[in-house]
Protein chains: 2
Amino acid sequence: MSRSSVIAPFQTERHDHSSCRRDALARAEDICLRKGLRLTELRRRVLELVWSGHEPVRAYDLLDQLRGERRGAAPPTVYRALDFLQEHGFVHKIESLNAYVGCAEPADRHGGQFLICRRCKAVAELDDPAIHDTVQRRAEASGFLVQGQVIEVTGLCPRCAADPAAPQPHAHEH
Amino acid sequence: MSRSSVIAPFQTERHDHSSCRRDALARAEDICLRKGLRLTELRRRVLELVWSGHEPVRAYDLLDQLRGERRGAAPPTVYRALDFLQEHGFVHKIESLNAYVGCAEPADRHGGQFLICRRCKAVAELDDPAIHDTVQRRAEASGFLVQGQVIEVTGLCPRCAADPAAPQPHAHEH
DNA sequence: GTCGGTGATGTTATGGTATAACCACAACAG
DNA sequence: CTGTTGTGGTTATACCATAACATCACCGAC
């Protein structure tokens, strides 16, 4: 079993999250530069806010924060930024939560599988070929032409499973 | 490859949908009888409406229909019925559509995998052990304790993939 | 340089999804 | 008959997302 399929693991300790966020922004800057995409101030700021932690962030929470720093921020402000970020693989939408997480391995329209902790709300991202291919093969066996996969697993992350009384991590561990 | 994992296939022709619906209602009646669950008039009616076709149905569409036949129908009316039906496996929520489909093989809190046609909107349900087990194993390999799986595949059903110009089936093929 | 096109954002309004909180009443067990 | 539980009615509100149109910055053609 390869471990390489885990592209964004659960954090086992309170980690230096500012480096996660900084790395994600640097990768986005780099990719946009190479592809000629416009990572505007707004889009950059929304990506930064999504990376405030490893928990999925809701659109209206982003909006609340934007309102504090940008006059005229409204729902389309944040949804348009999220659309751009999703389209180019910088963030994923977690369908079962209606919330958004940053992607640690951005690529256009790539899928991925998400492990969502019910207790601490953290999300880990896998990009496991075994899962992807099994789903693909079984769908094709039914004559279905696959265009996209939504795979979201809920349960308990290693820390919450091991110690249900452990303190809850909160975002913003700067 | 077993075909038994396809528990609700795509319909290849305009089929006698009234028998699908009748069977689903009969199964629900039977299960509720055996388990001592109360399939009230409201719940039965909502289940019947969900089974109006093989396309996922939105909660407010159900509500619109209920309003025509029941004074005082309101969002909680339909959501409470859907909660009951989901809890006991009679319907599934399609997270990526915020819509609901009937289940052909009801069982408490069972998962299942869904193939969702982007063109005709029909949904087929699989209950494929290979998919389930692969996801389960890979999640466990990350130390994750799995409690639930959301697996939704979008694309084109066999008919729409074969003939993109074919007429769109509509629900209510009574 | 200015004209016009394109893409990003501002702005207002609305539509769509879901739940909180409280009330009335029926079914049922003791 | 009485308390408890479950079901649904009712009102209100919160949350999620997009339509439609206006404005502005940027940039290339001429």
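Pairs engaging residues 21-41 of chain A under the ring pair (Phe, Tyr, Trp, His ring centres under 6.0 Å) rule: none recorded [sequence neighbours left out]. Evaluation of the side chain to side chain donor-acceptor pair (under 3.5 Å) test over residues 145-155 of chain B, restricted to residues two or more places apart or in two chains, returns A:R118-B:Q147, B:S96-B:E152, B:R118-B:T154.
The ring-ring contact (aromatic ring centres under 6.0 Å, His included) search around A:F10 returns B:F144, not counting sequence neighbours. Applying the ring-ring contact (aromatic ring centres under 6.0 Å, His included) test to A:H132 and every residue at least two apart in sequence or in another chain returns nothing. In terms of the ring-ring contact (aromatic ring centres under 6.0 Å, His included) criterion, B:Y100 has no residue partners (sequence neighbours excluded).
With salt bridges taken as basic N to acidic carboxylate O contacts below 4.0 Å, none links A:D133 and A:R137.
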Expected list for residues 84-94 of chain B: side-chain donor-acceptor pairs under 3.5 angstrom, two or more places apart:
residue	atom	partner	partner atom	Å
B:H92	NE2	B:H110	NE2	3.0
B:H92	NE2	B:E125	OE2	3.0

Identify every side-chain donor-acceptor pair in residues 37-49 of chain B under 3.5 Å, counting partners at least two apart or on other chains, and give the distances.
residue	atom	partner	partner atom	Å
B:T40	OG1	B:R43	N	3.3
B:R43	NH1	B:R38	O	2.7
B:R44	NE	B:E29	OE2	2.5
B:R44	NH2	B:E29	OE2	3.1
B:R45	NE	B:E69	OE2	2.6
B:R45	NH1	B:E48	OE1	3.2
B:R45	NH2	B:E69	OE1	3.0

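If you take CG on A:L126 and OG on B:S142, they are separated by 5.0 Å, rounding to the nearest 0.5 Å. Atom SG of B:C117 sits about 10.0 Å away from atom CD of B:E55, to the nearest 0.5 Å. Here the CD atom belonging to B:Q136 is positioned 10.5 Å from the CD1 atom belonging to A:I131, to the nearest 0.5 angstrom. Rounding to the nearest 0.5 angstrom, the gap separating the CG atom in A:D163 from the CG atom in A:L156 is 11.5 Å.
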Could you go through B:W51 and B:H17, starting from their C-alpha distance and side-chain angles, then the distance that decides it, and tell me whether this counts as side chain to side chain contact (heavy atoms under 4.5 Å, CB included)? CA-CA 9 Å; B:W51 273 100; B:H17 185 67; 4.1 Å; yes
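Near DNA chain D, meaning a heavy atom under 4.0 Å from it, residues 67-80 of chain A has A:P75, A:P76, A:Y79, A:R80 in order of number. Within a heavy-atom distance below 4.0 Å of DNA chain D, no residue of residues 28-39 of chain A is found.
A:Q113 places a side-chain N or O within donor-acceptor distance of the main-chain N or O of A:D128, the cut-off being under 3.5 Å.
A tilted orientation is assigned to the rings of A:H15 and A:H54, their planes being inclined by 30° to 60°.
Residue-to-nucleotide proximity on DNA chain C shows that, of B:R58 and A:F84, the 5′-proximal contact is made by A:F84.
Think of the region where chain B sits on DNA chain D: with heavy atoms and a 4.0 Å cut, that region ends 5' and 3' at D:dG6 to D:dT11. Protein chain B touches strand DNA chain C; the 5'-most and 3'-most nucleotides with an atom under 4.0 angstrom of its non-hydrogen atoms are C:dT17 to C:dA21.
Two end axes, each from the C1' atoms of five base pairs, can be drawn for the helix from C:dG1-D:dC30 to C:dG30-D:dC1; they diverge by 20°, to 10 degrees.
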